[in-house]
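Sequence lines set the chain letters: A, B, ... in the order given, protein chains first and strands last, and positions in each chain run from 1. When reading the values below, keep in mind they use all heavy atoms of this one structure, side chains included, and skip hydrogens, waters and symmetry mates.
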2 protein chains.
Amino acid sequence: MADINLDRGLGEAEAVALVELLFFAYRDFVADPDHVLEGLGFGRAHHRVLHFVGRDPGMTVASLLDILKITKQSLARVLKELIDKRYVFQNEGEQDRRQRLLHLTPSGEALRQKLIAPQIARFKRAAEEIKTEKKHDLQSLLFHLIDPENQVIAEKWIQSSNSNE
Amino acid sequence: MADINLDRGLGEAEAVALVELLFFAYRDFVADPDHVLEGLGFGRAHHRVLHFVGRDPGMTVASLLDILKITKQSLARVLKELIDKRYVFQNEGEQDRRQRLLHLTPSGEALRQKLIAPQIARFKRAAEEIKTEKKHDLQSLLFHLIDPENQVIAEKWIQSSNSNE
DNA sequence: AAATTTATGTCAGCCATATTGACATATTTT
DNA sequence: AAAATATGTCAATATGGCTGACATAAATTT
């Protein structure tokens with residue numbers, strides 16, 4: 001398990017740095033699956049549906065809406081496309097036949113794995129990096145979640161954040 | 001400084017949990033400034049411009065595009081609105097008079113601070129939480145970045161992630 | 001049995017944020 | 001003088017959200 005030592009609390013400058021690092025890290029983090037989705041004519045919304053349905057097969061449309069926190073109408077188009085292209089299928093609820101329980105087809109599950117794989121790899125890579133560097137702070141972890149080619153840019157911002165503010 | 005212990009590396013299930021936690025955490029993390037921006041008729045794009053210009057006053061349009069990784073045309077509208085509403089102003093570069101160097105007005109800087117404040121507070125709060133809970137792992141930190149009312153939902157997913165996969 | 005609520009789907013239209021391609025202007029560099 | 005650079009702008013398009021309104025089927029309540 002990844003242990004964090006925050007006994008000294010978080011300083012203002014450090015918090016600012018974390019805010020910025022999270023921006024850079026998250027952007028690259030979602031870029032991985034985005035590239036895969038592009039070729040399929042899908043977007044992030046499709047990814048999220050695939051992910052959560054895959055992690056809880058048989059979930060209802062309502063609970064999916066609850067987790068995604070989007071409206072029914074926003075989900076409708078995305079879900080329709082995933083069903084049309086046979087990544088997701090629905091079946092009637094046994095107890096409640098109004099429900100359309102959501103499941104992934106085998107190709108849906110395969111796509112889900114393909115999408116999350118680079119994100120898992122990114123976390124593992126970052127963990128390895130800070131391990132070898134022996135810089136076991138939260139900033140370093142977020143920093144190594146960033147694409148190497150973007151780390152240079154990010155570094156400049158973070159440095160000034162730690163000193164200036 | 002926030003230290004992390006990852007000597008045992010990251011397991012598959014743990015990495016999956018982190019991926020999901022990051023999704024939930026980031027969503028709530030950006031929701032804070034979003035609420036402030038709403039009332040001003042601004043969006044996230046405006047926030048990012050305010051933030052980076054505020055952190056590097058006098059930056060060029062080109063370097064802003066570089067950091068945001070959006071196109072000139074995408075930036076154009078956002079920047080125009082911020083300039084029209086007097087949150088940002090430009091001045092001619094001294095060495096290179098083609099450049100329109102970017103700066104925040106006092107109200108721009110005030111807005112920037114107002115937008116980042118809840119994000120800083122969120123990190124500090126999360127740090128305090130894991131400190132008092134004495135659960136110094138990365139998962140816990142991300143978990144506490146999530147809005148308390150959403151932590152319940154997130155918890156279910158993460159638990160099954162740690163056991164099932 | 002009838003009325004209401006719930007789970008889902010769908011239509012039409014709107015908005016914010018991004019995209020690409022083309023082109024204009026001023027300024028600097030070659 | 002020509003080319004490259006920094007910026008701005010126009011038009012058209014795509015995506016992913018949104019709201020409001022309405023429809024259907026099934027479950028629940030009265």
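Ring centroid separation for the pair F29(A) and Y26(B) does not come in under the 6.0 Å cut-off.
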Nucleotide-resolved protein contact map, nucleotides 25-30 of chain D, B/S/- at heavy-atom distance under 4.0 Å: BBS---

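Rounded to a whole Å, the CZ atom of R77(B) is 14 Å from the C1' atom of dA14(D). With rounding to whole Å, L75(B) atom CG is found 14 Å from dT20(C) atom P. Between the CG atom of N91(B) and the C1' atom of dT27(C) there is a distance of 16 Å, given to the nearest Å. Taking atom NZ on K80(A) and atom P on dG17(D), their separation rounds to 18 Å, with Å as the unit. The CG atom of L65(A) sits 11 Å away from the P atom of dA7(C) (whole-angstrom rounding). Counting to the nearest Å, the C1' atom of dG17(D) and the CG atom of L37(B) are 16 Å from each other. Distance D84(A) CG to dT10(C) C1': 14 Å, rounded to the nearest Å. Put simply, CD on E38(A) is 12 Å from C1' on dA14(D), counting in whole angstrom units.
Between the side chain of R122(A) and the backbone N or O of L145(A), at least one donor-acceptor pair lies under 3.5 Å. Distance alone, capped at 3.5 Å, places no donor-acceptor pair between the T60(B) side chain and the Q99(B) backbone.
Counting distance only, with no hydrogens placed and no angle test, the side-chain atoms of Q73(A) and the base atoms of dG9(C) include no donor-acceptor pair under 3.5 Å.
Using cut-offs of 30° and 60° on the angle between ring planes, the pair F23(B) and F52(A) is tilted.
A chain of hydrophobic side-chain contacts below 4.5 Å, direct or via other Ile, Leu, Val, Met, Phe, Trp or Tyr residues, connects L68(B) to V30(A). Under a hydrophobic clustering in which Ile, Leu, Val, Met, Phe, Trp and Tyr are joined whenever their side-chain heavy atoms come within less than 4.5 Å, directly or via other members, F89(B) and V61(B) fall into different clusters.
An OP1 or OP2 oxygen of dT19(C) is reached within less than 4.0 angstrom by a side-chain nitrogen or oxygen of S74(B). Taking only side-chain nitrogens and oxygens, T71(B) comes nearer than 4.0 Å to OP1 or OP2 of dT19(C).
The side chain of L79(B) lies closest to dG8(D) when the candidates are dG8(D), dT7(D), dT19(C).
Mapping K72(A) and A45(A) onto DNA chain D by nearest heavy atom places A45(A) at the nucleotide closer to the 5' end.
With respect to the salt-bridge test (charged N to carboxylate O, under 4.0 angstrom), the residues D147(B) and R27(B) do not qualify.
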